[in-house]
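Remember, it's a predicted structure, so these values are computed and weren't measured experimentally.
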Amino acid sequence: MSAPAPSPLAIVDAEPLPRQEEVLNQAALAFVAELHRRFTPRRDELLARRAERRAEIARTSTLDFLPETAAIRADESWKVAPAPAALNDRRVEITGPTDRKMTINALNSGAKVWLADFEDASAPTWENVVLGQLNLIDAYERRIDFTDPKSGKTYALKPAEELATVVMRPRGWHLAERHLTLDGTPVPGALVDFGLYFFHNAKRLLDLGKGPYFYLPKTESHLEARLWNDIFVFAQDYVGIPRGTVRATVLIETITAAYEMEEILYELRDHASGLNAGRWDYLFSIVKNFRDGGEKFVLPDRNAVTMTAPFMRAYTELLVRTCHKRGAHAIGGMAAFIPSRRDAEVNKVAFEKVKADKDREAGDGFDGSWVAHPDLVPIAMASFDAVLGSKPNQKDRLREDVSVAPGDLIAIDSLDARPTYEGLRNAVQVGTRYIEAWLRGLGAVAIFNLMEDAATAEISRSQIWQWINAGVVFENGERATPELVRKVAAEELAAIREETGEESFAAGNWQQAHDLLLKVALDENYEDFLTLPAYAQLVG
């Protein structure tokens, strides 16, 4: 008697979308189903391991490089695979969601790379998940255009040789995709995003002289990198392309991953392209892991924690040294400024800050860096051109002068700054405004001339939680308490109502966003990810 055929993926609670059959065909769904069967059990084990490690940090209030992997770090002989031509020069990378207009603008931006984001810059509505995939297929087939319904302006792709190389970012391991289930179990969003993109585009990209390239978000250990490597091996064999075709850049945006950079590169060495130094998610991870570690782990206002803070500098310099030691690209952090069309002075000051930041990164040995807006591409490009010249990267700068001790990465109290009342107000303002937009399906949101994504809301609500639980007293003498936060949140909600007008306020999700921010900021039990309760409230 033959074995029963595997049950197929089911699409549940989802309204049909235009042209969805081009993305969700039976062959693609069968591939995603196979990824789910093979790899979700390991994903589940690794999520449980995260909780165990967090409990250990709560007990010890410390982290160290892993003794069991010391031999990997000591072995000077191994390197990651050489970069393919399309990923050898990454001096400026632009980030953004995969809506149709952004797809065209990012590819045309003049940046070397576009991080096509299904993660923090994209709220995971079914429309964003499916049509984002379709937009990328259409871009590779050169059948994408866009006309702005308000302005009538049309957008079309430049010639192929002028387009940025795409590096796609799937969702993190913790998020499920509720609209795709197998035997009633949701498929991890990471496997949906990776699987659909890889299945449809791997061969197509090779025909274009590029390949399936990925950014891996929120990785917390080398074992999670090993899981991704095994997925890449299986996927390449499944569609019949050579092993090693995939390239992955890992975001070092969790404090635990910062202690395992070499091991992460080692696990992915046949598929590794580089590491990236995040900022807000990294700070969010420090707060999350050391939230009960006492006063010495209390972060000041997020805008006071620049990349020149001693513990952040230790992290970025260790990343550059690690990458170049192993032949990988070191990619710097985000310039999130959004230029103002009305205030030239604001732009002048901000552009100078962006230039100083990118000059620092290029001078430190980074091979490239991120921007959030096309107007920042020339500024970042000039900073890296000044250091690189005609060279594609500076991986030959080994930074052997860098020496980072385990305690340097968590020396939060080395920063001479304290939380302020204005910092609390800003966290409430930004958190409320971002969550409201996210609940409308927007993941990348301009707030106070900065492009913010989900990591912004995570650090905002985490800082509120930490300050309350640490009993922080602000410079005005007020103590951080739930009552104070509720008062500030009510004031900010009233200010937003006045700013937007009654009609727009009523049409938005402002009260819902206010309530959700207070829930995750004030609950005694800290929620691991804001996006988990937010996803339960996301319509679509």
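When atom types are taken as modelled, the side chain of T254 and the backbone of A257 share a donor-acceptor pair closer than 3.5 angstrom. Under a 3.5 Å cut-off, the side chain of T69 and the backbone N or O of I72 do not form any donor-acceptor pair. Under the 3.5 Å distance criterion, the side-chain polar atoms of R54 are matched with a main-chain donor or acceptor of N289. Side chain of Q236 to backbone of T245: a donor-acceptor contact under 3.5 angstrom is found. Within the 3.5 Å criterion, the main-chain N or O of H324 finds no donor-acceptor partner in the side chain of K395. Remark: the backbone N or O of G333 is paired with a side-chain donor or acceptor of E361 at under 3.5 angstrom. No donor-acceptor distance shorter than 3.5 angstrom exists from the side chain of R143 to the backbone of Y140, with no hydrogens or angles considered. With H373 contributing its side chain and F337 its backbone, the two residues share no donor-acceptor pair below 3.5 Å. With hydrogens and angles disregarded, a donor-acceptor distance shorter than 3.5 Å links the side chain of N276 to the backbone of G332. Side-chain N or O atoms of H329 include one that pairs as donor or acceptor with a backbone N or O of N88 at under 3.5 Å.
Closest non-hydrogen pair, T219 versus S221, comes out as CG2-O, 3.4 Å. Nearest approach of A111 to V377, heavy atoms of both residues: N-CG1, 3.8 Å. Nearest heavy atoms, R247 versus S273: CB-CB, 4.1 Å. Closest non-hydrogen pair, Y535 versus A176, comes out as CE2-O, 3.3 Å. Taking every heavy atom of both residues into account, R326 and R73 meet most closely at NH2-O, 3.2 Å. Here the closest heavy-atom approach between residue A123 and residue N128 is recorded as O-ND2, 2.7 Å.
Rounded to the nearest 0.5 Å, atoms CG (L29) and CG (L182) are 10.5 Å apart. In this structure, the separation between CZ on R43 and CG on L35 is 13.0 Å, given to the nearest 0.5 Å. Taking CD1 from I447 and OG1 from T456, the interatomic distance works out to 7.0 Å, rounded to the nearest 0.5 Å. In this structure, CZ in F39 is found 13.5 Å from CG in D44, a value given to the nearest 0.5 Å. Atom CG in D138 sits 9.5 Å away from atom CD1 in I104 (nearest 0.5 Å).
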- request: Output, in order, the C-alpha distance, side-chain angles, deciding distance and verdict of side-chain hydrogen bond (donor to acceptor under 3.5 Å, both in side chains) for T98 and N135.
  value: CA-CA 7 Å; T98 54; N135 291 336; 5.5 Å; no

Stepwise side chain to side chain contact (heavy atoms under 4.5 Å, CB included) test for R171 and F194: CA-CA 9 Å; R171 279 169 282 181; F194 165 81; over 6 Å; no

task: Kindly indicate, with the supporting measurements, whether the criterion salt bridge (Lys or Arg N to Asp or Glu O under 4.0 Å) is fulfilled by E34 and R37.
output: CA-CA 5 Å; E34 195 58 32; R37 288 189 190 97; 3.4 Å; yes

message: Run the side-chain hydrogen bond (donor to acceptor under 3.5 Å, both in side chains) test on T185 and D183 for me, step by step, so that the C-alpha distance in whole Å, both residues' side-chain angles and the decisive distance to 0.1 Å come before the verdict.
response: CA-CA 6 Å; T185 303; D183 300 328; over 6 Å; no

- prompt: Taking it one step at a time, do R243 and D270 satisfy salt bridge (Lys or Arg N to Asp or Glu O under 4.0 Å)?
  reply: CA-CA 8 Å; R243 291 185 181 185; D270 296 333; over 6 Å; no

field: Test log, rule side-chain hydrogen bond (donor to acceptor under 3.5 Å, both in side chains), inputs S462 and Y526
entry: CA-CA 9 Å; S462 297; Y526 179 91; 2.7 Å; yes

task: Determine, step by step, whether E220 and R49 satisfy the salt bridge (Lys or Arg N to Asp or Glu O under 4.0 Å) criterion, reporting the C-alpha distance in whole Å, the side-chain angles of both residues, the deciding distance to 0.1 Å, and the verdict.
output: CA-CA 10 Å; E220 295 197 14; R49 187 177 179 275; over 6 Å; no

message: Using salt bridge (Lys or Arg N to Asp or Glu O under 4.0 Å), reason through K288 and E253 one step at a time and then give a plain yes or no.
response: CA-CA 12 Å; K288 174 162 52 172; E253 55 185 353; over 6 Å; no

- request: Might you work through the side-chain hydrogen bond (donor to acceptor under 3.5 Å, both in side chains) test for N229 and R226, ending with a clear yes or no?
  value: CA-CA 5 Å; N229 195 72; R226 182 182 298 171; over 6 Å; no

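Counting heavy atoms from C-beta outward, K218 and L251 have side chains that stay 4.5 Å or more apart. Within the 4.5 Å cutoff, no side-chain heavy atoms of V129 are placed close to those of Q133. Taking 4.5 Å as the limit, some side-chain heavy atom of E527 sits within range of a side-chain heavy atom of P533. Using a 4.5 Å heavy-atom threshold, the side chains of V445 and R433 count as separate. No side-chain heavy atom of W173 sits under 4.5 Å from any side-chain heavy atom of L46. A heavy-atom distance below 4.5 Å is not found between the side chains of L450 and I338. At a threshold of 4.5 Å between non-hydrogen side-chain atoms, the residues I435 and L530 count as touching. At least one side-chain heavy atom of T316 sits under 4.5 Å from a side-chain heavy atom of F366.
A salt bridge links R53 with E260: at least one charged nitrogen is closer than 4.0 Å to a carboxylate oxygen. By the 4.0 Å N-to-carboxylate-O rule, R440 lies close enough to E436 to be salt-bridged with it. No salt bridge links K391 with D89; every basic N to acidic carboxylate O contact stays at or beyond 4.0 Å. Between E119 and R169 there is a salt bridge, with a side-chain nitrogen of the basic residue lying less than 4.0 Å from a carboxylate oxygen of the acidic one. Electrostatic pairing of R397 and D364 does not count as a salt bridge here, judged by no charged N lying under 4.0 Å from a carboxylate O. Using a cutoff of 4.0 Å between basic side-chain nitrogens and carboxylate oxygens, K101 and D148 are scored as salt-bridged. Ionic pairing of D230 and R42 is present here: one or more N-O contacts between side-chain nitrogen and carboxylate oxygen are shorter than 4.0 angstrom.
When the shell of 6.0 Å around CD of Q20 is examined, it contains more than 12 heavy atoms from other residues, nucleotides or ligands. Other residues, nucleotides and ligands contribute only 12 or fewer heavy atoms inside 6.0 Å of the OH atom of Y266. Enclosure of atom NZ in K158 by more than 12 non-hydrogen atoms of other residues, nucleotides or ligands within 6.0 angstrom is indicated. Taking a 6.0 Å sphere around CD of E21, one finds it holds more than 12 heavy atoms contributed by other residues, nucleotides or ligands. Surrounding CG of D13 are at most 12 heavy atoms belonging to other residues, nucleotides or ligands under 6.0 Å away. By the neighbour-count criterion of 12 heavy atoms within 6.0 Å, atom CD of E141 is densely surrounded, having more than that number from other residues, nucleotides or ligands.
In this structure, Y197 has its ring center under 6.0 Å from that of F214. For F232 and W228, the ring centers sit closer than 6.0 Å to each other. Proximity of the aromatic rings of W370 and Y215 is defined here by a centroid distance below 6.0 angstrom, and this criterion is met.
W126 and H179 have tilted rings, their planes meeting at an angle from 30° to 60° on a 0 to 90° scale. The aromatic rings of Y238 and F31 are tilted relative to each other, their planes meeting at an angle between 30° and 60°.
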